[in-house]
Amino acid sequence: MPITPATATHSSSNGAADAILLELVDEDGVTIGTAEKLSAHQPPGRLHRAFSVFLFDERGRLLLQQRALGKYHSPGVWSNTCCGHPYPGEAPFAAAARRTFEELGVSPSLLAEAGTVRYNHPDPASGLVEQEYNHLFVGLVQAAPRPDPEEVAETVFVTPAELAERHARDTFSAWFMTVLDAARPAVRELTGPSAGW
């Protein structure tokens with residue numbers, strides 16, 4: 001992982017990774033504290049700040065990722081382009097751009113805010129809970145993804161019809177449809193009516 005101002009404080013001098021902290025928030029998205037990442041996801045879940053990114057190619061197709069099998073939360077499921085959590089004090093926009101590059105090896109050519117959504121989604125497979133205040137972003141990608149295999153098993157660009165087929169056939173993250181539906185107005189504005197979103 002490249003060292004950036006946001007990640008520099010999250011590695012100790014001996015190379016061991018420190019515990020990852022998330023920002024706990026109230027129902028209005030105001031920061032009220034921090035919690036270790038895994039503990040924030042244990043039932044019943046603690047409301048924390050998150051982000052979800054939806055990137056599209058020049059044809060208006062959505063970039064999906066299949067989460068790596070080694071991930072402790074929702075391994076092997078399909079989901080939106082990128083999602084994650086800002087570090088405490090890190091702007092959601094900066095976190096979204098950082099994680100998109102870290103996971104997929106691409107920097108969006110355009111990234112715009114698309115609102116927020118609050119949800120509570122238990123993951124039946126792991127028993128963990130996504131209790132999140134999620135900042136949504138939509139954008140464009142022009143470079144081919146170069147995924148980090150520790151984060152991403154596979155990527156694919158899909159049209160709305162291809163997404164519907166895949167969603168009926170494959171397992172998707174518990175939060176996927178919630179964040180996609182919340183982002184749809186911004187997706188339609190970005191991709192135009194011919195893309196069909």
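Throughout, numbering of the chain's residues begins at 1 and tracks the sequence.
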Exercise. Please determine if Arg99 and Glu151 form a salt bridge, counting it only when a charged side-chain N lies under 4.0 Å from a carboxylate O.
Key: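 Yes, charged N to carboxylate O under 4.0 Å.
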
Quiz item: Salt-bridged, Glu102 to Arg98, with N to O below 4.0 Å?
Solution: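 A salt bridge is present here (some side-chain N lies under 4.0 Å from a carboxylate O).
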
Practice problem: Report yes or no: does His48 contribute a side-chain atom to a donor-acceptor pair with the main-chain N or O of Arg46 at less than 3.5 Å? | Solution: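 It does hold such a pair.
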
4.5 Å side-chain heavy-atom contact, [X] and [Y]:
| X | Y | answer |
| --- | --- | --- |
| Asn80 | Trp175 | yes |
| Phe54 | Leu62 | yes |
| Leu47 | Leu24 | no |
| Gln65 | Trp78 | no |
| Leu63 | Thr155 | yes |
| Val129 | Asp123 | no |

Self-check item: Centroid-centroid under 6.0 Å between Phe51 and His135 rings
Solution: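 No, they do not, as the ring centres are separated by 6.0 Å or more.
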
Quiz item: What about the rings of His85 and Tyr87, do their centers lie closer together than 6.0 Å?
Solution: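 No, the ring centres sit 6.0 Å or more apart.
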
Show the nearest heavy-atom pair for residues [X] and [Y], with the distance to one decimal.
| X | Y | result |
| --- | --- | --- |
| Val152 | Ala68 | N-CB, 3.7 Å |
| Pro43 | Gly127 | CG-O, 3.2 Å |
| Val187 | Phe56 | CG1-CZ, 3.4 Å |

Quiz item: Hey, quick one: are Val53 and Val106 part of the same hydrophobic cluster, counting side-chain heavy atoms closer than 4.5 Å, chains of contacts allowed?
Solution: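 Result: yes, single cluster for both.
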
Quiz item: Just how far is it from atom CG of Leu180 to atom OG of Ser52, taken to the nearest 0.5 Å?
Solution: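 Leu180 CG to Ser52 OG: 10.0 Å, rounded to 0.5 Å.
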
Quiz item: Side-chain donor-acceptor pair under 3.5 Å between Arg49 and Thr31, yes or no?
Solution: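 Looking only at side-chain atoms, Thr31 and Arg49 do form a donor-acceptor pair, the distance falling under 3.5 Å.
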
Quiz item: Will you find, in the side chains of His41 and Glu130, an N or O donor that is under 3.5 Å from an N or O acceptor?
Solution: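 Yes, because at least one side-chain N or O of His41 sits under 3.5 Å from a partner of the opposite role on Glu130.
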
